Amino acid sequence: MTSETTKTTAKDRIRARGKKDPRAPKRALSAYMYYSQDHRARVRQANPDASFSETGRILGNEWRSLSDVDRQPYVERAARDKSRADAEMDAYEARNADD
DNA sequence: CTTTTGATTGTTGCC
DNA sequence: GGCAACAATCAAAAG
């Protein structure tokens, strides 16, 4: 029951508790984001009839089929962006502390 | 301290 | 321009 049920995710942006982070920095991309950038076209070629929803579903299916080593390059990119996000986090924390 | 969840990232296609 | 499933990620709030 902690999964979907009401699909209460960022899509709604309900902010039930309200925005805690005054100036929350944009977090790093996930490995899947980079996977989409690289395989999005390939899946579209493999599934020319598939719409966005189908393509995304297939992409996720393929992604889950990937091994850790296969995810390595994508996770590495995600980790690289994480470094970028980490810098933003530093500034964000600094703002929270100072401001 | 542990768990949950809320927020965010990028893609394409439709309205 | 925003939102739809897809997966990940992570920081903060709640317990």
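In what follows, chains carry the letters A, B, and so on, assigned in the order in which the sequence lines appear, proteins first and then strands, with residues in each chain numbered from 1. Because the structure is a prediction, the values reported are computed rather than measured.
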Say whether, by atom type as modelled, one donor and one acceptor occur between the side chain of Asn47(A) and the main chain of Thr55(A) under 3.5 angstrom.
no
When you group the ILVMFWY residues by side-chain heavy-atom contacts below 4.5 Å and let the links chain together, are Phe52(A) and Val43(A) in the same group?
no
Between His39(A) and Tyr34(A), does the ring centroid distance fall short of 6.0 Å?
no
Those residues of residues 29-38 of chain A lying under 4.0 Å from DNA chain C by at least one heavy atom:
Ser30(A), Tyr32(A), Met33(A)
So, is Tyr92(A) near the phosphate of dC10(C), with a side-chain N or O under 4.0 Å from OP1 or OP2?
no
Least distance between heavy atoms, Ala85(A) atom then Ala28(A) atom
CB-N, 3.5 Å
To the nearest 0.5 Å, tell me how far Tyr32(A) OH sits from Gln37(A) CD.
12.0 Å
Consider only side-chain heavy atoms of I, L, V, M, F, W and Y, link residues closer than 4.5 Å, and tell whether Met89(A) and Leu29(A) are in one cluster.
no
Joint cluster assignment, Leu66(A) & Val75(A), ILVMFWY side-chain distance < 4.5 Å:
no
Within residues 69-80 of chain A, residues whose heavy atoms come under 4.0 Å of DNA chain C:
Arg71(A)
Minimum heavy-atom distance between Ile58(A) and Ala50(A), given as atom pair plus value:
CD1-CB, 4.2 Å
Might you work through the side chain to side chain contact (heavy atoms under 4.5 Å, CB included) test for Arg42(A) and Glu62(A), ending with a clear yes or no?
CA-CA 11 Å; Arg42(A) 188 195 72 77; Glu62(A) 296 282 304; 3.5 Å; yes
Between dC10(C) atom P and Asp90(A) atom CG, what is the distance in whole Å?
16 Å
Which is it for Trp63(A) and Tyr74(A) under the side chain to side chain contact (heavy atoms under 4.5 Å, CB included) test, yes or no, and what are the steps along the way?
CA-CA 10 Å; Trp63(A) 171 252; Tyr74(A) 308 102; 3.8 Å; yes
Give the residues of residues 46-64 of chain A touching DNA chain C, defined as any heavy atom closer than 4.0 Å, sorted by residue number.
Phe52(A), Gly56(A), Arg57(A), Gly60(A), Trp63(A), Arg64(A)
Between C1' on dG10(B) and NE2 on His39(A), what's the gap in Å once rounded to a whole number?
15 Å
